[in-house]
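Here's the structure we're looking at; comments come further down.
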Amino acid sequence: HVAAQRIEHAHGVVARARGPFLSSGEWWDDNRWSREEWDVQMTDGVLYRVVRSPQGCFLEGVYD
C-alpha cells in the first residue's frame with residue numbers, strides 16, 4: 001500500500017513491485033548500498049518510484 005502525505009492522488013493498493021535496486025549515487029562511499037529504490041505499479045496502472053533510505057521512505061517520482 002502507498003500513502004503519500006503531500007500528494008493527494010498518490011495512494012492506493014500496490015499491484016506489482018520490482019526491486020529493491022540498491023544504490024547511493026556515490027559508488028566510492030562505504031554507505032553506497034544505503035538507498036533502496038522500488039518501482040511500484042498501483043491497481044489503477046500508475047507507476048511510481050519509491051525510495052527507502054536512512055532518512056525514511058519517499059515517493060521520488062511517477063513514470064509517464
Side-chain angles (χ1 to χ4, degrees):
H1 192 282
V2 171
Q5 294 177 350
R6 296 184 182 163
I7 302 173
E8 183 178 324
H9 65 275
H11 65 278
V13 177
V14 174
R16 295 181 192 165
R18 303 266 181 184
F21 309 109
L22 304 175
S23 69
S24 73
E26 299 173 351
W27 58 266
W28 60 88
D29 191 347
D30 286 339
N31 295 319
R32 65 183 162 268
W33 306 121
S34 65
R35 178 179 162 106
E36 293 181 5
E37 298 176 356
W38 296 79
D39 290 335
V40 296
Q41 184 174 20
M42 310 305 288
T43 55
D44 64 2
V46 178
L47 185 61
Y48 294 111
R49 172 58 59 104
V50 176
V51 173
R52 188 174 93 174
S53 71
Q55 291 77 30
C57 293
F58 304 94
L59 181 64
E60 187 168 72
V62 60
Y63 291 95
D64 288 337

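Sequential numbering from 1 along the given sequence is applied to the chain's residues.
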Work out which heavy atom in [X] is nearest to a heavy atom in [Y]; give both atom names and the distance.
X     : Y     : result
Ala3  : His11 : CA-CB, 4.1 Å
Arg52 : Cys57 : CG-SG, 3.5 Å
Ala17 : Trp38 : CB-CE3, 4.4 Å

Check your understanding: When rounded to the nearest 0.5 angstrom, what is the spacing between CG in Leu22 and CD in Glu36?
Key ->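 The distance works out to 6.0 Å.
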State the CZ-CZ distance between Arg35 and Phe58, to the nearest 0.5 angstrom.
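Here the interatomic distance stands at 9.5 Å.
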Should Phe21 and Val50 be regarded as members of a common hydrophobic cluster, given that ILVMFWY residues are connected when their side-chain heavy atoms come within less than 4.5 Å of each other, either directly or indirectly?
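No.
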(request) Tell me whether Val51 is reachable from Val62 by hopping between hydrophobic residues (I, L, V, M, F, W, Y) whose side-chain heavy atoms are closer than 4.5 Å. (result)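 No.
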Passing option when Met42 is tested against Leu47, Val2, Val13 for side chain to side chain contact (heavy atoms under 4.5 Å, CB included):
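Among Leu47, Val2, Val13, the one that satisfies the side chain to side chain contact (heavy atoms under 4.5 Å, CB included) with Met42 is Val2.
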